**Student:** 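If you scroll down you'll find the structure; I have some questions about it.
Fair warning: this is a prediction, and the values are worked out from it, not measured in the lab.
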Amino acid sequence: MVRKPLYSDAGSGIIFNLAGDVAIGEEALPEGVILLPISTRAETIVLASGAQLAGIRFHPAVGYGVLGQHYDKPTLLSPEHDQLYRLYRVYAELRMQKSNERKVDALHRWADTTLDVTKVIPDPLQKALACIEQDKAPGQLSQSNDLSQRQIERLFKLWLGMPPKRYQRILRIRKAISFLRMRENVNLADVAQQFGFCDQAHMTREFRSIARITPGQV
């Protein structure tokens with residue numbers, strides 16, 4: 001059995017559960033095409049011996065642009081609701097392929113011929129996401145955008161299912177986790193300052209809330 005953390009990334013995705021017992025958090029996933037909710041807190045994925053998975057992960061907001069809706073939990077796509085992207089055709093091909101390389105190739109071919117995500121996110125939202133990526137305060141997003149702060153917040157709620165502040169918190173935690181995983185024996189107080197936390201205690205509280213782990217455990 002394999003048990004691993006899935007850290008929050010504010011994105012969503014599609015899982016093709018090809019065989020075996022798989023669970024994310026408390027949700028056991030049936031075999032088939034599973035549409036995933038937006039990740040706002042870390043979850044644990046558990047794969048039993050012999051489980052086989054493939055999947056697609058969408059950047060924040062892209063999943064809503066592709067699928068047109070949000071899901072509040074991992075949801076099995078029914079074949080009768082699969083007219084848009086023919087995901088069960090992909091599922092059948094993935095089950096036939098024996099090697100992981102061929103599975104990845106099959107997903108690439110499907111994405112290249114079916115998905116166009118180049119303009120899926122509205123430009124004002126794209127600008128706001130880029131500003132937060134550059135550590136601009138969520139309350140100042142309207143300064144570099146044609147929309148008001150309230151309009152930007154509505155866009156975030158519609159496309160990401162969360163306010164800009166929540167997205168910034170998730171992004172900050174992800175950056176800090178990546179930094180900590182690449183380095184040993186760093187001073188956590190310095191890391192807190194580097195990534196914009198008030199202090200080490202604030203960073204630890206945020207880690208526990210979003211990543212469900214402490215910086216020291218990372």
**Student:** Is the backbone N or O of Val66 less than 3.5 Å from a side-chain atom of Tyr85, with the two atoms forming a donor-acceptor pair by type?
**Tutor:**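 Between the backbone of Val66 and the side chain of Tyr85 there is a qualifying donor-acceptor contact (under 3.5 Å).
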**Student:** To the nearest 0.5 Å, how far apart are OG in Ser39 and CD1 in Ile210?
**Tutor:** 10.0 Å
**Student:** Determine whether Leu53 and Val46 fall in the same hydrophobic cluster, where Ile, Leu, Val, Met, Phe, Trp and Tyr are linked whenever their side-chain heavy atoms lie under 4.5 Å apart.
**Tutor:** no
**Student:** Just wondering, do Gln143 and Asn145 contact through their side chains at under 4.5 Å, heavy atoms?
**Tutor:**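 A side-chain contact is absent here, since even the closest heavy-atom pair is not under 4.5 Å.
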**Student:** With no hydrogens and no angle check, do the side chains of Gln217 and Thr214 hold a donor and an acceptor under 3.5 Å apart?
**Tutor:**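 On atom types as modelled, these side chains qualify, holding a pair under 3.5 Å.
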**Student:** May I ask you to test the Arg154-Leu158 pair for a side-chain heavy-atom distance under 4.5 Å?
**Tutor:**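 Arg154 does not reach Leu158 side chain to side chain.
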**Student:** With a 4.5 Å limit on heavy-atom distance, are the side chains of Leu147 and Leu141 in contact?
**Tutor:**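 Of all side-chain heavy-atom pairs linking Leu141 with Leu147, none is under 4.5 Å.
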**Student:** If we only count heavy atoms from C-beta on, is the Lys136 to Gln168 side-chain gap below 4.5 Å?
**Tutor:**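 Heavy-atom side-chain distance check fails, nothing below 4.5 Å.
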**Student:** Between Leu160 and Tyr64, is there a side-chain heavy-atom distance shorter than 4.5 Å?
**Tutor:**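 The answer is no, as the side chains (C-beta and beyond) never meet within the 4.5 Å cut-off.
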**Student:** Nearest 0.5 Å, please: how far is CG in Leu77 from OH in Tyr88?
**Tutor:**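 Rounded to the nearest 0.5 Å, the OH-CG separation comes to 5.0 Å.
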**Student:** Starting at CD1 of Ile170, measure out to NZ of Lys165 and round the result to the nearest 0.5 Å.
**Tutor:** 12.0 Å
**Student:** Does the plane of the ring in Phe207 sit parallel, tilted or perpendicular to the ring in Phe197? Use 30° and 60° as the thresholds.
**Tutor:**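 Judged by the thresholds at 30° and 60°, the geometry between Phe207 and Phe197 is tilted.
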**Student:** Looking only at atom types and distance, does a side-chain atom of Trp159 sit under 3.5 Å from a main-chain N or O of Pro60, one as donor and one as acceptor?
**Tutor:**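 Not confirmed, Trp159 side chain does not pair with Pro60 backbone.
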**Student:** Report the C-alpha separation of Glu43 and Arg212 in whole Å, then their side-chain angles, then the decisive distance to 0.1 Å, and conclude whether the side chain to side chain contact (heavy atoms under 4.5 Å, CB included) test is met.
**Tutor:** CA-CA 8 Å; Glu43 296 284 1; Arg212 297 183 177 181; 3.7 Å; yes
**Student:** Around His70, counting heavy atoms of other residues, nucleotides and ligands shown, do more than 12 lie under 6.0 Å from its NE2?
**Tutor:** yes
**Student:** Determine whether Arg3 and Thr44 make a side-chain contact, defined as any pair of heavy atoms from C-beta on separated by less than 4.5 Å.
**Tutor:**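 Yes - at least one pair of side-chain heavy atoms lies under 4.5 Å apart.
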**Student:** Evaluate the side chain to side chain contact (heavy atoms under 4.5 Å, CB included) criterion for residues Ser148 and Glu153: first the C-alpha distance (whole Å), next the side-chain angles of each, then the deciding distance (0.1 Å), finally the verdict.
**Tutor:** CA-CA 9 Å; Ser148 69; Glu153 289 175 358; over 6 Å; no
**Student:** What distance separates Arg95 CZ from Asn17 CG, expressed to the nearest 0.5 Å?
**Tutor:**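 With rounding to 0.5 Å, CZ (Arg95) is 9.0 Å from CG (Asn17).
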**Student:** Tell me, yes or no, whether the heavy-atom count around Glu184 atom CD, taken from other residues, nucleotides or ligands under 6.0 Å, exceeds 12.
**Tutor:** no
**Student:** Calculate, to the nearest 0.5 Å, the distance between atoms CD1 and CG belonging to Ile34 and Leu87 respectively.
**Tutor:** 11.5 Å
**Student:** Is it the case that more than 12 heavy atoms not belonging to Arg57 sit under 6.0 Å from its CZ atom?
**Tutor:** yes
**Student:** Please determine whether the number of non-hydrogen atoms from other residues, nucleotides or ligands lying under 6.0 Å from atom CG of Asp21 exceeds 12.
**Tutor:** no
**Student:** Within a strict 4.5 Å, meaning less than it, do heavy atoms of the Ile173 and Phe195 side chains meet?
**Tutor:**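 No, side chains not in contact.
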**Student:** Using a 3.5 Å distance criterion without hydrogens, assess whether the side chain of Thr114 forms a donor-acceptor pair with backbone atoms of Ala111.
**Tutor:**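 Such a contact is absent between Thr114 side chain and Ala111 backbone.
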**Student:** Does any part of the side chain of Asp146, heavy atoms only, come nearer than 4.5 Å to the side chain of Pro124, both counted from C-beta?
**Tutor:**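 Not in contact.
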**Student:** Does a side-chain N-to-carboxylate-O contact under 4.0 Å join Arg109 and Glu93?
**Tutor:**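 A salt bridge links Arg109 with Glu93.
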**Student:** So Lys175 and Glu133, salt bridge (charged side-chain N to carboxylate O under 4.0 Å, His left out) or not? Walk me through it.
**Tutor:** CA-CA 10 Å; Lys175 290 179 178 179; Glu133 179 74 35; 3.8 Å; yes
**Student:** Salt-bridge test for Glu206 and Arg172: reply yes if a basic N is under 4.0 Å from a carboxylate O, no otherwise.
**Tutor:**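 Between Arg172 and Glu206 there is no salt bridge, as every charged N stays at least 4.0 Å from the carboxylate O atoms.
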**Student:** Does the Lys73 side chain pair with the main chain of Glu27, one donor and one acceptor, at a distance under 3.5 Å?
**Tutor:**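 Checking the backbone N and O of Glu27 against the side chain of Lys73, no donor-acceptor pair under 3.5 Å is found.
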**Student:** CG of Leu47 to CD1 of Ile24: how many Å apart, nearest 0.5 Å?
**Tutor:** 8.5 Å
**Student:** Is the CD atom of Glu101 crowded by more than 12 outside heavy atoms at less than 6.0 Å?
**Tutor:**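 Counting other residues, nucleotides and ligands, CD of Glu101 stays at 12 neighbours or fewer.
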**Student:** For the CD atom on Gln193, are there more than 12 heavy atoms of other groups (residues, nucleotides or ligands in this structure) within a distance under 6.0 Å?
**Tutor:** no
